[in-house]
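What follows is a set of notes on a single structure, which appears directly below.
In what follows, every heavy atom counts, from backbone to side chain, and hydrogens, waters and symmetry copies are set aside.
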Amino acid sequence: MRLIIAVIAAVAWTVSAVAPAAAADKVVLMLNWYVYGEHAPFYYGKAKGIYAAEGIDLEIQEGRGSAATTQAVAAKTADFGYVDVPTMMRAAVKGAPVVATGVLLQTSPMSAMGLVDKNIRKPEDIKGKTVAITPADSMTQIWPLFLKKTGLKESDFHTVAGDGQTKLNAVINGQADLLLGYVMDQSMKIKDATGKDVYPIKFADYGINMVSSGIIANSDYVKANADLVRRFMSATTKAVEAAEKEPKAAAQSILDANPKGGKIDTLTQGFELTIPLYRTAETKGKRPFQVTDQNMTDSVNLMVEYGGLDAKAKDNPKAFYTNDYLPKGNS
């Protein structure tokens with residue numbers, strides 16, 4: 001009997017020793033655009049094994065705009081997307097099955113920016129200058145509210161219009177004094193091209209704030225994969241927290257994965273400019289992604305009034321997001 005028990009135990013040990021570990025869940029995260037500093041936490045989390053520790057094999061794909069990424073998530077060709085949440089709202093209110101499972105940028109990165117040597121530091125300084133815009137983009141839609149808040153009129157300055165690259169080129173080549181852009185994005189592209197620092201006049205400093213980038217998923221995917229969504233949001237929260245503590249190392253992880261992804265100095269600076277946007281006064285001290293109901297409601301109201309969002313969105317702002325899959329506790 002002892003021999004039989006010993007044999008059974010030995011067989012059981014052998015089976016357990018050779019049995020493969022549970023396969024990690026393959027997850028595709030599609031970014032809002034080509035990689036830049038804002039995306040550092042995802043690459044850092046993957047490099048540091050934070051996603052692997054949650055049983056996730058993460059693939060990061062570059063995007064071609066928040067609208068395109070939202071469409072990919074709605075069609076389930078990407079599991080998660082990192083997009084401009086107001087852009088997702090426009091799709092969701094029209095019936096796209098998408099929801100934000102975490103809002104990371106809770107303070108708006110929108111700004112009017114120009115080279116430091118132009119000495120444009122406040123709205124009054126915009127008078128007589130030339131501003132480059134991209135018609136119908138999110139910043140141009142909110143621009144009239146900025147003018148209203150700051151007492152400016154469109155007749156106070158000149159405007160040139162073009163696509164995103166044309167807008168950048170206008171400032172880089174001196175055809176425009178400022179452009180409308182994100183503090184951590186276009187500013188770094190201008191610096192990469194000119195070697196000069198850029199000064200942003202932030203919309204949020206003049207009472208204009210709405211949420212920006214966040215994680216989205218297909219609504220049906222969330223319901224069918226609740227545990228995986230929780231693990232993904234747990235890993236992403238930890239990745240953001242780790243990257244906040246080591247900005248340069250986080251930026252380097254982008255280049256380790258994509259050597260043509262930019263320059264280390266501007267990737268680092270761009271990420272450092274992103275970190276203050278993670279929280280508002282109400283979420284200071286909380287872990288990333290813990291957006292408040294009031295912030296989301298205010299953002300929906302602002303988008304309805306100025307951003308072309310259907311008015312029926314105001315009926316239920318909570319339909320656009322959920323905090324139910326986030327890890328609990330404060331930072």
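A donor-acceptor contact closer than 3.5 angstrom links the side chains of D298 and Q294. If you check the side chains of T134 and D163, you find no donor sitting under 3.5 Å from an acceptor. Side chains of K191 and Q269: a donor-acceptor N/O pair is present below 3.5 angstrom, by distance only. A donor and an acceptor atom, one from each side chain of T283 and Q106, are located under 3.5 Å apart.
For K318, the salt bridge (Lys or Arg N to Asp or Glu O under 4.0 Å) partners are D293, not counting sequence neighbours. Considering only residues two or more places apart in sequence or on other chains, Y221 meets the ring-ring contact (aromatic ring centres under 6.0 Å, His included) condition with F80. K122 pairs by the salt bridge (Lys or Arg N to Asp or Glu O under 4.0 Å) definition with D125, not counting sequence neighbours. Partners of Y51 according to the ring-ring contact (aromatic ring centres under 6.0 Å, His included) rule, which considers only residues two or more places apart in sequence or in another chain, are F232. Residues passing the salt bridge (Lys or Arg N to Asp or Glu O under 4.0 Å) test with K189 are D185, sequence neighbours excluded. For Y206, the ring-ring contact (aromatic ring centres under 6.0 Å, His included) criterion is met by F146, not counting sequence neighbours. For Y43, the ring-ring contact (aromatic ring centres under 6.0 Å, His included) test picks out no residue, with sequence neighbours left out.
A salt bridge is absent between K94 and D310: the closest approach of a Lys/Arg side-chain nitrogen to an acidic carboxylate oxygen does not fall below 4.0 angstrom.
Residues S212 and P109 have side chains in contact (heavy-atom distance under 4.5 Å, counting atoms from C-beta outward). Contact check for Q186 versus L180: no side-chain heavy atoms found under the 4.5 Å cut-off. Contact of the Y278 side chain with the K284 side chain is not registered, since no non-hydrogen atoms from C-beta on lie closer than 4.5 Å. Two residues are said to be in side-chain contact when any heavy atoms from C-beta on lie closer than 4.5 Å; K118 and M113 fail this criterion. Counting heavy atoms from C-beta outward, N323 and M296 have side chains that stay 4.5 Å or more apart. At a threshold of 4.5 Å between non-hydrogen side-chain atoms, the residues I126 and V131 count as touching. The closest side-chain heavy-atom distance from V99 to I216 is not below 4.5 Å. Side-chain contact between V240 and L104 is present, with heavy atoms from C-beta onward closer than 4.5 Å.
The shortest heavy-atom contact between W33 and R64 is CZ3-C, 3.1 Å. Summarising the geometry of M184 relative to L277, their closest heavy-atom pair is SD-CD1, 4.2 Å, with the distance given to 0.1 Å. Scanning all heavy atoms of the two residues, the minimum distance from P135 to I133 falls at CD-O, 3.8 Å. Between P41 and A239, the shortest heavy-atom distance links the atoms O-CB, 3.4 Å. Nearest heavy atom pair, residue M110 against residue M210, reads CE-CE, 3.4 Å. When all heavy atoms of P327 and M233 are compared, the pair lying nearest together is CD-O, 4.0 Å.
Shown here is K48, whose NZ atom has no more than 12 heavy atoms of other residues, nucleotides or ligands within 6.0 Å. In K26, the NZ atom is crowded: over 12 heavy atoms of neighbouring residues, nucleotides or ligands sit closer than 6.0 Å. Within 6.0 Å of atom CD in Q175, more than 12 heavy atoms from other residues, nucleotides or ligands are found, so the atom counts as buried in its surroundings.
Each ring-ring contact (aromatic ring centres under 6.0 Å, His included) pair with one or both residues in residues 175-199, not counting sequence neighbours, would appear here, but there are none. Residue pairs meeting the ring-ring contact (aromatic ring centres under 6.0 Å, His included) criterion with at least one partner in residues 147-176, sequence neighbours excluded, are W143-F157.
D57 contributes no side-chain N or O that, together with a main-chain N or O of A24, makes up a donor-acceptor pair within less than 3.5 Å. In this structure, N173 contributes its side chain and N169 its backbone to a donor-acceptor pair below 3.5 Å. Looking at T266, its side chain never comes within 3.5 Å of a backbone N or O of D192 through a donor-acceptor pair.
One hydrophobic cluster, built from ILVMFWY side chains closer than 4.5 Å, holds both V183 and V211. The hydrophobic clustering, which links ILVMFWY residues whose side-chain heavy atoms are closer than 4.5 Å, places L255 and L31 together. Put simply, Y44 and Y34 are part of two different groups of oily side chains (I, L, V, M, F, W, Y) that touch within less than 4.5 Å, one to the next. Under the 4.5 Å side-chain heavy-atom criterion for Ile, Leu, Val, Met, Phe, Trp and Tyr, L273 and V198 are members of distinct hydrophobic clusters. Note on M188 and I190: separate hydrophobic clusters, where clusters join Ile, Leu, Val, Met, Phe, Trp and Tyr whose side-chain heavy atoms are under 4.5 Å apart, directly or indirectly.
Put simply, the residue from T274, N32, N258 that forms a side chain to side chain donor-acceptor pair (under 3.5 Å) with H39 is N32. Applying the side-chain contact (heavy atoms from CB on, under 4.5 Å) test between F203 and each of T107, L145, I208, T150 identifies I208 as the sole match.
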Could you please spell out the steps behind the salt bridge (Lys or Arg N to Asp or Glu O under 4.0 Å) verdict for D205 and K149?
CA-CA 10 Å; D205 289 344; K149 289 274 191 180; over 6 Å; no

If you apply the rule side-chain hydrogen bond (donor to acceptor under 3.5 Å, both in side chains), what do you find for T140 with D137, and how did you get there?
CA-CA 5 Å; T140 301; D137 74 1; 2.8 Å; yes

So K312 and D315, side-chain contact (heavy atoms from CB on, under 4.5 Å) or not? Walk me through it.
CA-CA 5 Å; K312 65 183 180 182; D315 295 341; 3.9 Å; yes

Could you walk me through whether T292 and E282 pass the side-chain hydrogen bond (donor to acceptor under 3.5 Å, both in side chains) test, one step at a time?
CA-CA 8 Å; T292 65; E282 291 73 30; 5.6 Å; no

Output, in order, the C-alpha distance, side-chain angles, deciding distance and verdict of salt bridge (Lys or Arg N to Asp or Glu O under 4.0 Å) for E54 and R230.
CA-CA 10 Å; E54 292 281 2; R230 285 192 181 91; over 6 Å; no

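If you take CZ on R287 and CG on L326, they are separated by 9.5 Å, rounding to the nearest 0.5 Å. The distance from the CG atom of L179 to the OG1 atom of T166 is 11.5 Å, given to the nearest 0.5 Å.
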Sequence neighbours left out, cut at 3.5 Å: what donor-acceptor pairs do the side chains of residues 81-92 make with other protein atoms?
{"residue": "Y82", "atom": "OH", "partner": "E38", "partner atom": "OE2", "Å": "2.5"}
{"residue": "D84", "atom": "OD2", "partner": "T87", "partner atom": "N", "Å": "3.1"}
{"residue": "D84", "atom": "OD2", "partner": "T87", "partner atom": "OG1", "Å": "2.7"}
{"residue": "R90", "atom": "NE", "partner": "G307", "partner atom": "O", "Å": "3.0"}
{"residue": "R90", "atom": "NH2", "partner": "Q141", "partner atom": "OE1", "Å": "2.6"}
{"residue": "R90", "atom": "NH2", "partner": "G307", "partner atom": "O", "Å": "3.1"}

Could you tabulate the donor-acceptor pairs under 3.5 Å formed by side-chain atoms of residues 242-252, not counting sequence neighbours?
{"residue": "E244", "atom": "OE1", "partner": "R279", "partner atom": "NH2", "Å": "3.4"}
{"residue": "E244", "atom": "OE2", "partner": "R279", "partner atom": "NH1", "Å": "2.9"}
{"residue": "Q252", "atom": "NE2", "partner": "D256", "partner atom": "OD1", "Å": "2.9"}

Show which side-chain atoms of residues 70-79 pair as donor or acceptor with protein atoms under 3.5 Å away, not counting sequence neighbours.
{"residue": "T70", "atom": "OG1", "partner": "S66", "partner atom": "O", "Å": "2.8"}
{"residue": "T77", "atom": "OG1", "partner": "A72", "partner atom": "O", "Å": "3.0"}
{"residue": "D79", "atom": "OD2", "partner": "V28", "partner atom": "N", "Å": "2.8"}

